[in-house]
Amino acid sequence: MKLETSDIKHLATLSALEFSDDRIEGFKNEFNQIIDLVEKISSADVANEKIEYNPIPVDMLREDEIREGFSQEQVLANAPSKKMGSFSVPLMME
Amino acid sequence: MKEIKDCGIIELIELIKNKIYTSEQVTKYFIEQINNKKDLNAILEVFEDAIENAKVIDARIANGEELGRLAGIPIVIKDNILCEGKIASCASKFLKDYVAQYSSTVVKKMLAEDAVIIARANMDEFAMGSSTEKSYYGPCKNALDKTRVPGGSSGGSACSVAGGMTLCALGTDTGGSVRQPSSYCGVVGMKPTYGRISRFGIIAFASSLDQVGPITTNVEDNALMLEILAGYDENDETTLRAEVPCYLDAIKENIKGVKIGVCNQITKLLKDSTQFVKTVEWFRSQGAEIVNVDIKDIELTLPVYYILAPAEAASNLGRFDGVKYSRRSENATNVDDIYTMSRSEGFGPEVQRRIMLGNFVLSSGYYDAYYNKAKKVQQLVKKEFSEAFKVCDVIIMPTTFSEAFKIGAITNPVEMYLEDVFTIPANIAGVPALSLPCGKGDNNMPLGLQIYADNLNEGMIYNVASYFEKHYKEDK
């Protein structure tokens, strides 16, 4: 398959990224090469394979107990903007 | 008296313990090396408390206290490993001011053994790359030839070991990022079994593939480091509950009867197999049994990787939204702009490419054909590895096609991705693999030999690797 300019723009929106038109065209060429690479898996016979989403089968989990977490100060330490113990963003509704 | 520069970790521990050197002397020595080699751009920051921490260790030794297994030994960490109170930037503009609020399990384990964490190392941004050219802080250079790359993404870590700036650096390996730079820099790097080392406090790239790995100057030091780093962690439920053996005890000084597998599909890929064939024959001459094995779909691990890793990266990097971590675009005036502008300004091109690719393979209409199919091929390859390890103890193959390439020589992303064809299978199958130096190439730069083993059989890898390290050169 081949991706078109409109597909790349859609992917940029999904990714919360924006690019100049030149970059979009650049991406299109690169993506089509990458897709040629990853499409090689289409030939594999996987009729008998089941999907394991966990890399290691998890059959034991630790007890779900209440523990000390991070402090509000720690959680907010790296926030670019904070107010009254919260993450701060511009007004969303008028 | 043996000079610091000629010691390995195990020797230096003894010298510090016996008060021949103080940890302060050793730490100052390595920091001086870092300062003398700033042009390599391997180290992003020397931690200002390093010498103070070394002095504390010395005071405890002077007091006659019983110290840990890394007492006074300076260690470098990759810039995606959290150490409380220190910046961990992933070599990204996005996280350039991000200060870790807690320490990773690996850092805690090393500190519990009285190591001194001295610096953080350069890397490809968010560990996405094979050359350490894609760092916000500029490319790292190879310590053995400044015109060449050190490999990546743990290029700063491998370069710091090769350049004598530390005896051990931690890296992370998602598709070869510990082993390929170790090969290019002529040092020893291990990617353990998935789940052997905790990922708690490691900034995630592709969580189902990421593993921390030690990079050292020799095999025995590496075995010691893995023993210290490995083990179950209740903060990472993907860690294995298996007991951690003494890996140094696994080194038997003998490989007679060890079954060494050579993968037919890998041999076919080699452009020039002279060096590899020579290595295989050397093992045979030492009494190992050479077994040809098939891992029919091993070549498909590369496309599988470039589906699964970007898919997980796209999800993991969703958290960098300009609200919680570090950086927000100064031009953003509303919430949507905060997301889009912060990410567009903060991430470099390779990271953006992989986020886009990940969202493509996960998007509706393509999910089954790419992501689900790749997960199934992964199972297929895991089974093929498992079958192969029924007839051999280890599988050997080169780490890379050739020596470290010139800085700027590879600009096409796909060409760069193909660099990882021998390392990616270990991450996709989850099995351990180590790279160690194996002669030189045409440009007198190091080549690496890779040793794969079945899950949790790192001991066998260290045994074969140590024998090779000690005897191969003399017999060449």
Side-chain angles (χ1 to χ4, degrees), chain A residues 1 3 7-8 10-19 23 26-27 29-56 58-63 67 70-71 73-82 87-92, chain B residues 97-99 101-102 194-195 208-209 234 237-238 240-241 297 299-300 302-304 306-307 314 318 321-328 332-335 338-341 343-344 347 352-353 355-361 363 369-370 372-380 412-414 417-418 430:
Chain A
M1 72 165 294
L3 291 184
D7 298 321
I8 301 292
H10 177 60
L11 283 176
T13 307
L14 287 178
S15 306
L17 291 169
E18 58 187 359
F19 303 103
R23 279 291 289 143
F27 265 127
N29 294 331
E30 291 163 6
F31 262 60
N32 284 323
Q33 286 181 46
I34 297 171
I35 287 168
D36 285 344
L37 170 76
V38 299
E39 278 192 338
K40 288 186 181 152
I41 65 163
S42 61
S43 62
D45 178 9
V46 293
N48 298 322
E49 301 305 323
K50 278 198 309 198
I51 296 175
E52 291 284 347
Y53 288 108
N54 272 323
I56 299 287
V58 179
D59 51 4
M60 284 188 284
L61 293 172
R62 67 173 158 82
E63 286 302 305
R67 295 182 184 183
F70 294 115
S71 67
E73 201 178 60
Q74 282 176 310
V75 170
L76 292 170
N78 286 291
S81 176
K82 55 199 158 190
F87 295 103
S88 161
V89 293
L91 192 66
M92 281 157 79
Chain B
D97 302 316
Y98 173 78
V99 178
Q101 297 301 302
Y102 63 99
Y194 183 82
S208 78
L209 306 168
E234 61 175 16
E237 279 297 335
T238 62
L240 299 163
R241 288 167 194 256
D297 294 299
E299 251 193 283
L300 292 181
L302 187 81
V304 164
Y306 279 99
I307 292 169
D321 56 3
V323 176
K324 301 184 287 293
Y325 301 101
S326 195
R327 191 179 187 285
R328 175 178 296 179
T333 53
N334 61 52
V335 175
I338 286 179
Y339 299 153
T340 305
M341 294 170 94
R343 290 164 64 80
S344 302
F347 292 136
Q352 293 179 341
R353 186 179 292 120
I355 292 173
M356 299 262 284
L357 185 59
N359 283 323
F360 168 66
V361 298
S363 59
Y370 292 108
N372 274 345
K373 179 92 191 235
K375 288 300 285 182
K376 287 180 182 172
V377 177
Q378 181 180 29
Q379 289 308 313
L380 196 65
N412 179 295
V414 172
Y417 297 170
L418 295 174

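Numbers restart at 1 for each chain; the letters A, B, ... are given by sequence-line order, proteins then strands.
Contact check for B/P303 versus A/E39: no side-chain heavy atoms found under the 4.5 Å cut-off. The shortest side-chain heavy-atom distance between A/L37 and B/L418 falls under the 4.5 Å cut-off. A/K40 is not listed as a side-chain neighbour of B/V377, based on a closest heavy-atom distance of 4.5 Å or more. Under the 4.5 Å side-chain criterion, counting only non-hydrogen atoms from C-beta, A/E18 is in contact with B/M341. Looking only at side-chain heavy atoms (C-beta outward), B/Q378 and A/I51 stay at 4.5 Å or farther from each other. Between A/N78 and B/Q101, the closest side-chain pair of non-hydrogen atoms falls below 4.5 Å.
Both the backbone and the side chain of B/A374 come within contact range of chain A, judged by heavy atoms closer than 4.5 Å. The parts of A/Y53 that come within reach of chain B are both its backbone and its side chain, each placing non-hydrogen atoms under 4.5 angstrom from that chain. In this structure, chain A has a heavy atom under 4.5 Å from the backbone of B/N334, while its side chain stays farther away. The part of A/K50 that comes within reach of chain B is its backbone (N, CA, C, O), which places non-hydrogen atoms under 4.5 angstrom from that chain. Proximity to chain A (any heavy atom under 4.5 Å) is restricted, for B/I338, to the side chain, taken from C-beta onward. Using a 4.5 Å cut-off between heavy atoms, B/L302 touches chain A through its side chain atoms alone. Within the 4.5 angstrom heavy-atom criterion, only backbone atoms of A/S88 (N, CA, C, O) approach chain B. Only the side chain of B/Y102 comes within less than 4.5 Å of a heavy atom of chain A; its backbone N, CA, C and O stay farther away. Only the side chain of A/L3 has a heavy atom closer than 4.5 Å to any heavy atom of chain B. Within the 4.5 angstrom heavy-atom criterion, only backbone atoms of B/D97 (N, CA, C, O) approach chain A. For chain A, the nearby part of B/A369 is the backbone; its heavy atoms alone come within less than 4.5 Å. Contact annotation for A/D36: neither backbone nor side-chain heavy atoms come within less than 4.5 Å of a heavy atom of chain B.
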Taking it one step at a time, do B/V323 and A/K82 satisfy side chain to side chain contact (heavy atoms under 4.5 Å, CB included)? CA-CA 9 Å; B/V323 176; A/K82 55 199 158 190; over 6 Å; no
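Between B/F360 and A/F31, the angle of the ring planes goes over 60°, which puts this pair in the perpendicular group of the 30/60° scheme.
Across B/I355, B/L380, B/N412, B/V335, the residue that shares the most heavy-atom pairs under 4.5 angstrom with chain A is B/L380. Between chain A and the options B/Y417, B/Y370, B/Y306, B/Y339, the largest number of non-hydrogen pairs under 4.5 Å is found for B/Y370.
The shortest non-hydrogen separation linking B/G322 to A/P80 is O-CG, 3.3 Å.
Atom CD1 of A/I34 is separated from atom CZ of B/R353 by 6.0 Å, given to the nearest 0.5 angstrom. Considering CG of A/D7 and CE of B/M356, their distance stands at 10.5 Å, rounded to 0.5 Å. Taking CD of B/Q352 as the reference point, atom CZ of A/R23 lies at 6.5 Å (rounded to 0.5 Å). How far CG of A/N48 is from NZ of B/K376: 10.0 Å, rounded to the nearest 0.5 Å.
If you run side-chain contact (heavy atoms from CB on, under 4.5 Å) between A/V38 and each of B/I307, B/L357, B/V304, B/L300, only B/I307 comes through.
Checking side-chain atoms of A/R62 against main-chain N and O of B/E234 turns up a donor-acceptor pair under 3.5 Å. Within the 3.5 Å criterion, the main-chain N or O of A/S15 finds a donor-acceptor partner in the side chain of B/R343.
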